[in-house]
Amino acid sequence: MQINQTFDDPKTDTICITSNNCHQSTIRTGTVQEIIRQQLKDIANTKVSEATVGYDNAFIVGDLADVHQQYMKWKALLPRIKPFYAVKCNPDQTVVNYLASLGVGFDCASQQEIQQIPEIGVDPTRMIYANPCKQPSFVHYAAKHNVSLMTFDNMDELYKIKEVYPNAKLVLRILTDDSSAQVRLGLKYGAPPETIDYLLKTAKKLDLNVVGVSFHVGSGCTDAQAYADAVALARNVFAQAEAIGYRMTLLNCGGGMSGSNNEHGITFEDVAATLGQAVDKLFPSPDIEVIAEPGRFFVSSAFTACVQVIGRRALIPEEESADIQQQKYMYYLNDGLFGSYLMRFTDNERLNFRVVFKNGVFVYEDKKQQEEAPTFISNVWGPTCSSFDSLLQDVRLPRLELGDWICQENMGAYATCAATNFNGFEKTKIIYTNSTSIGPHNNGM
Ligand SMILES: Cc1ncc(COP(=O)(O)O)c(C=O)c1O
């Protein structure tokens with residue numbers, strides 16, 4: 001496809017970050033916009049007949065400076081609470097390495113996630129196996145690698161841990177109000193109040209070491225008060241455990257902090273103020289270690305996904321007499337529900353595509369193009385042959401042409417980690433940049 005060009009050449013030097021052992025990743029230094037423009041320029045300048053297959057794949061740009069900024073925000077607003085990044089949210093090795101180099105700890109959900117972390121030189125004391133129902137061989141793996149901190153919320157798990165890892169440091173995950181969250185985790189995990197006493201007494205009888213309490217107010221929590229209420233419940237459970245003879249030393253405040261903006265009517269500042277105050281009031285002793293397991297907070301806003309319009313079908317016959325205003329379009333993109341977008345739906349996140357490249361012109365910042373172009377009723381599909389692969393139905397979009405590119409911001413959390421190869425499509429690759437060149441890049445992490 002021949003495309004008319006209107007690009008400037010951006011500067012995109014590359015630098016490398018390496019972990020102790022293995023992972024090497026090229027990190028560019030341009031802004032997200034510059035990287036997207038460069039990538040689209042390269043694609044547009046390539047003749048399909050001479051190109052490598054896949055040169056025009058969808059891509060995602062991840063900005064480590066954004067991750068760094070989130071980390072600085074956490075440190076400034078919640079200095080007492082140590083973040084243990086929830087790896088499940090975006091396990092990409094470059095992200096994990098970067099956070100490790102900042103000194104962040106890790107919340108792992110499986111043996112595979114546990115395995116990923118020490119490889120980059122993180123001490124097991126900076127890890128928690130925070131899945132209340134664990135596969136026995138995974139618990140054994142944790143034991144062998146000294147990942148001793150782990151959660152439970154039921155009796156069977158206690159017997160399992162007694163058998164496989166009796167010296168583990170156990171954290172009781174309690175049920176708290178998650179009704180305001182985008183994703184309610186309490187439907188699946190968390191010991192209800194009426195079970196707690198018996199759980200703690202059984203743990204004591206089994207001579208297991210319960211060291212703390214954890215909660216999760218749900219992913220994408222929209223009510224700061226939920227954190228304060230959960231801290232109060234945790235305080236009661238500390239008292240219950242201490243009455244049974246345990247010395248409690250750890251409070252784990254889970255995740256749920258939004259990472260992008262206050263789209264849901266809540267900011268990180270709101271959460272930090274309420275949570276920080278509740279912790280200081282109810283757990284004033286510096287002997288209590290306070291941690292949390294933020295996932296989306298760190299990575300959400302750092303990633304922007306770009307997808308190409310690879311197919312189009314007009315629903316009204318395109319005859320000369322047809323009223324163009326009434327036209328409806330089906331668009332087919334080169335990433336979709338079975339790729340990077342599955343969890344937008346499971347997590348109740350709206351899609352809000354922005355036009356990046358139109359008719360050969362880079363229009364990322366063209367306000368007129370974004371806001372004033374006439375729009376048409378459109379359905380947007382992913383690339384597989386499945387009719388479940390639907391991204392948007394009956395939304396108004398500007399008329400798009402084959403070869404146009406659109407982008408979705410805030411794609412760092414729960415996106416590529418859930419992508420499949422359904423229909424043979426590759427998972428979308430990530431291009432990394434560090435737009436402000438801040439943070440611990442290039443220091444042999
Ligand atoms: C145990 C646990 N901790 C932390 C998280 C991260 O949550 P979020 O990404 O909302 O911060 C999750 C998400 O599912 C989780 O299950």
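We count ligands from 1, going down the list as the structure has it; atoms in each ligand are counted the same way. Since the structure is predicted, the reported quantities are computational estimates derived from the model, not experimental observations.
- The aromatic rings of Trp381 and Tyr332 lie parallel to each other, with less than 30° between the two planes, well short of the 60° mark.
- From Leu199, atom CG reaches atom CG of Asn154 across 7.0 Å, with rounding to the nearest 0.5 Å.
- Rounding to the nearest 0.5 angstrom, the gap separating the NE2 atom in His68 from the CG atom in Leu99 is 10.0 Å.
- Side-chain N/O atoms of Asn97 and Thr94 include no donor and acceptor closer than 3.5 Å.
- Aromatic ring centres of Trp405 and Phe59 lie closer together than 6.0 Å.
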One line per pair, note the atom names and distance for all nitrogen or oxygen contacts under 3.5 Å between ligand 1 and the protein.
from, atom 1, to, atom 2, distance (Å)
ligand 1, 3 (N), Asp107, OD2, 3.0
ligand 1, 3 (N), Glu293, OE1, 2.6
ligand 1, 7 (O), His216, NE2, 3.1
ligand 1, 7 (O), Tyr414, OH, 3.4
ligand 1, 9 (O), Arg296, N, 2.9
ligand 1, 9 (O), Tyr414, OH, 2.6
ligand 1, 10 (O), Ser219, OG, 2.5
ligand 1, 10 (O), Gly256, N, 3.2
ligand 1, 11 (O), Gly256, N, 2.8
ligand 1, 11 (O), Gly295, N, 2.9

Apply side-chain hydrogen bond (donor to acceptor under 3.5 Å, both in side chains) to residues Gln115 and Gln111 and explain how you reach the verdict.
CA-CA 6 Å; Gln115 192 175 355; Gln111 178 265 332; 2.7 Å; yes
